[in-house]
Amino acid sequence: MSDSNHKNQLTQVASQRAFAGEQKQFSHCSNALNCDMRFAIYLPPQALSNAETETSKVPVLYWLSGLTCTDENFMQKAGALRMAAKMGIAIVAPDTSPRGEGVADDPEGSYDLGLGAGFYVNATQQPWADHYHMYDYVVNELPQLIESNFNVSNQRAISGHSMGGHGALMISLKNPQRYVSASAFSPISNPINCPWGQKAFNAYLGDDQTNWQHYDTSVLMANAKEKNQQVPSLVDQGTADHFLEEQLKPESLKQAAIESDYPLILNMELGYDHSYYFISSFIEQHLKFHAEHLGLSEPA
C-alpha cells in the first residue's frame with residue numbers, strides 16, 4: 001500500500017503538547033483486524049519540524065498494554081514522556097484488542113477474554129478469527145503505518161505490561177530482526193501454564209496445545225539458542241504482585257533464559273505490585289535500556 005493511502009487512513013482524534021513534543025491519538029481502518037483502530041503516539045521534539053530545530057528520523061518504542069487497557073493508560077500514567085523527549089524516542093501505544101460493532105466479545109462479560117484482551121495472537125477459531133489478529137497488527141500493519149506517516153526511522157524497540165509484557169517478549173522472540181531490544185513489566189511469562197493464557201489460547205487458537213507454544217515466551221526463549229534469534233531483554237517484576245504465583249511465573253522465564261543463554265536481565269523488585277505505580281517507578285530505566293541498544297546517548 002502506498003504512503004498516500006496510509007496517510008489517508010489516519011484521522012486525528014486528539015493532540016497535546018508535552019515536554020516540547022507532541023502527544024497525539026489517531027484512528028484508522030485496520031486491514032489486519034477488519035475494524036477501526038486507535039493508537040497513541042508521542043513524537044519527541046527531535047522529530048518535530050520548526051524553524052529553530054533540525055529534525056531527524058527518530059527510533060520508535062512500541063508499548064503493548066495489559067488486560068482491560070486501551071492506548072491511553074500508558075501515555076497518561078507511566079511518566080515516560082519526559083525521558084522519551086530527552087532521549088529522542090517516539091512511543092507508539094496501540095489498543096489491546098479490536099473493537100467496534102460486530103467484533104466478538106466474551107458472552108459472559110469477563111475481563112480476560114474478548115474486548116481489551118487480544119493477547120497479541122492471530123486467532124484461528126470462530127468467532128474470534130474474523131477480527132482478532134493482534135499479532136499481525138503489531139508486527140506488520142502498525143509499524144508500516146507509523147513509518148509512512150511520521151518522522152520516524154525503522155529502528156524499533158518493544159515493551160509492555162502483563163498481557164502486553166507477554167506480547168512484547170513473544171513478538172521480539174518471533175521477530176528478532178525487527179527489534180533491537182525488548183522489555184516488560186510483570187509479563188505473563190508462560191501463558192500455556194497459567195489460567196489467563198489457557199483461557200485465551202483455548203478460545204483463540206483451539207484446544208491443540210501444540211499451537212499454543214508458538215506464542216509462549218518461555219517456550220520460545222528456551223529454544224532461541226542461536227545469537228541471531230536473541231534480542232537483549234529487560235524484565236522487572238514486583239515481589240508484592242498478587243498475580244505473581246498463579247499467572248505470571250517469572251521462574252519459567254528465568255529457566256528458559258538459562259537453557260538458551262539468552263541475554264535477559266530479570267529484576268525482582270521488592271515490595272512492588274502490578275500497578276502503574278510500579279511501572280512509573282522504573283520506566284526511565286527501561287527507556288535508558290532501549291536507548292543504549294538503539295545507539296542513543298543521554299544528553300548532558
Using a strict 4.0 Å threshold on nitrogen-to-oxygen distance, state whether R38 and D95 make a salt bridge.
no

Begin from the C-alpha positions of D130 and Q126 and carry the test side chain to side chain donor-acceptor pair (under 3.5 Å) through to its verdict.
CA-CA 7 Å; D130 290 342; Q126 292 298 342; 3.3 Å; yes

Which pair of non-hydrogen atoms, one from L43 and one from A90, has the smallest distance, and what is that distance?
CD2-CB, 4.5 Å

Within 45° of the ring axis of Y215 and under 6.0 Å from its six-membered ring centre, is that where the NZ or CZ of K174 lies?
yes

With the side chain counted from C-beta on, respond yes when K199 and S110 share a heavy-atom pair under 4.5 Å apart, and no when they do not.
yes

Does a salt bridge link E284 with K86, judged by any charged N lying under 4.0 Å from a carboxylate O?
no

Value for CZ (F282) from CG (L287), rounded to nearest 0.5 Å, stands at 14.0 Å

Under 4.5 Å between any side-chain heavy atoms of H161 and W63, yes or no?
yes

Between the CZ atom in F74 and the CG atom in L61, the distance rounded to the nearest 0.5 Å is 6.5 Å

Polar side chain donor-acceptor pair, N122 to D136, under 3.5 angstrom:
yes

Quick one: are L145 and L10 in side-chain contact, heavy atoms under 4.5 Å?
yes

Side chain of S233, backbone of L264: donor and acceptor closer than 3.5 Å?
no

Under 4.5 Å between side-chain heavy atoms, counting indirect links through other Ile/Leu/Val/Met/Phe/Trp/Tyr residues: same cluster for V60 and F289 or not?
no

Please report the interatomic distance CZ(R156) to OH(Y62), rounded to the nearest 0.5 Å.
6.0 Å

Measuring from atom OH of Y120 to atom CD1 of I171, what distance do you get when rounded to the nearest 0.5 angstrom?
8.0 Å

Is a side-chain donor-acceptor pair under 3.5 Å present for D241 with H274?
yes

Using side-chain heavy atoms (C-beta onward) and a distance below 4.5 Å, is P191 in contact with Q198?
no

CG of N193 to OG of S218: how many Å apart, nearest 0.5 Å?
8.5 Å

Give a yes or no on whether Y111 and V103 share a hydrophobic cluster (residues Ile, Leu, Val, Met, Phe, Trp, Tyr; joining criterion: side-chain heavy atoms under 4.5 Å apart).
yes

Could you check if a side-chain atom of F150 sits within less than 4.5 angstrom of a side-chain atom of V58, using non-hydrogen atoms only?
no

Test ring-ring contact (aromatic ring centres under 6.0 Å, His included) applied to H28 and Y137, step by step:
CA-CA 12 Å; H28 71 103; Y137 179 69; 5.7 Å; yes

CG of D112 to CZ of F119, rounded to nearest 0.5 Å, is 7.0 Å

How are the rings of W128 and Y204 set to each other: parallel, tilted or perpendicular (split at 30° and 60°)?
perpendicular

For the residue pair T96 and L67, establish whether any side-chain heavy-atom pair is separated by less than 4.5 Å.
no

For the pair D216 and N190, evaluate side chain to side chain donor-acceptor pair (under 3.5 Å) and give the outcome as yes or no after the intermediate values.
CA-CA 6 Å; D216 187 285; N190 192 200; 3.0 Å; yes

So E141 and S30, side chain to side chain donor-acceptor pair (under 3.5 Å) or not? Walk me through it.
CA-CA 8 Å; E141 185 176 18; S30 167; 2.7 Å; yes

Nearest atoms (heavy-atom pairs only) where L48 meets A20
CD1-O, 3.7 Å

Decide whether L169 and L142 are clustered together by the hydrophobic rule: side chain heavy atoms of Ile, Leu, Val, Met, Phe, Trp, Tyr closer than 4.5 Å, transitively.
yes

Shared ILVMFWY cluster between V219 and L205, side chains joined below 4.5 angstrom?
yes

Close side-chain approach of M134 to V121, heavy-atom, < 4.5 Å:
no

Between N267 (side chain) and E269 (backbone), is there a donor-acceptor pair under 3.5 Å?
no

Contact between F185 and H286 at the side-chain level, heavy atoms closer than 4.5 Å - yes or no?
yes

Result of checking D36, N31, N149 against Q9 for side chain to side chain contact (heavy atoms under 4.5 Å, CB included):
N31

Verify side chain to side chain donor-acceptor pair (under 3.5 Å) between Q25 and E72, making sure each step is shown before the conclusion.
CA-CA 9 Å; Q25 281 181 309; E72 295 183 336; 3.1 Å; yes

Regarding K249 and S189, do their side chains bring together a donor and an acceptor under 3.5 Å, going by distance alone?
no

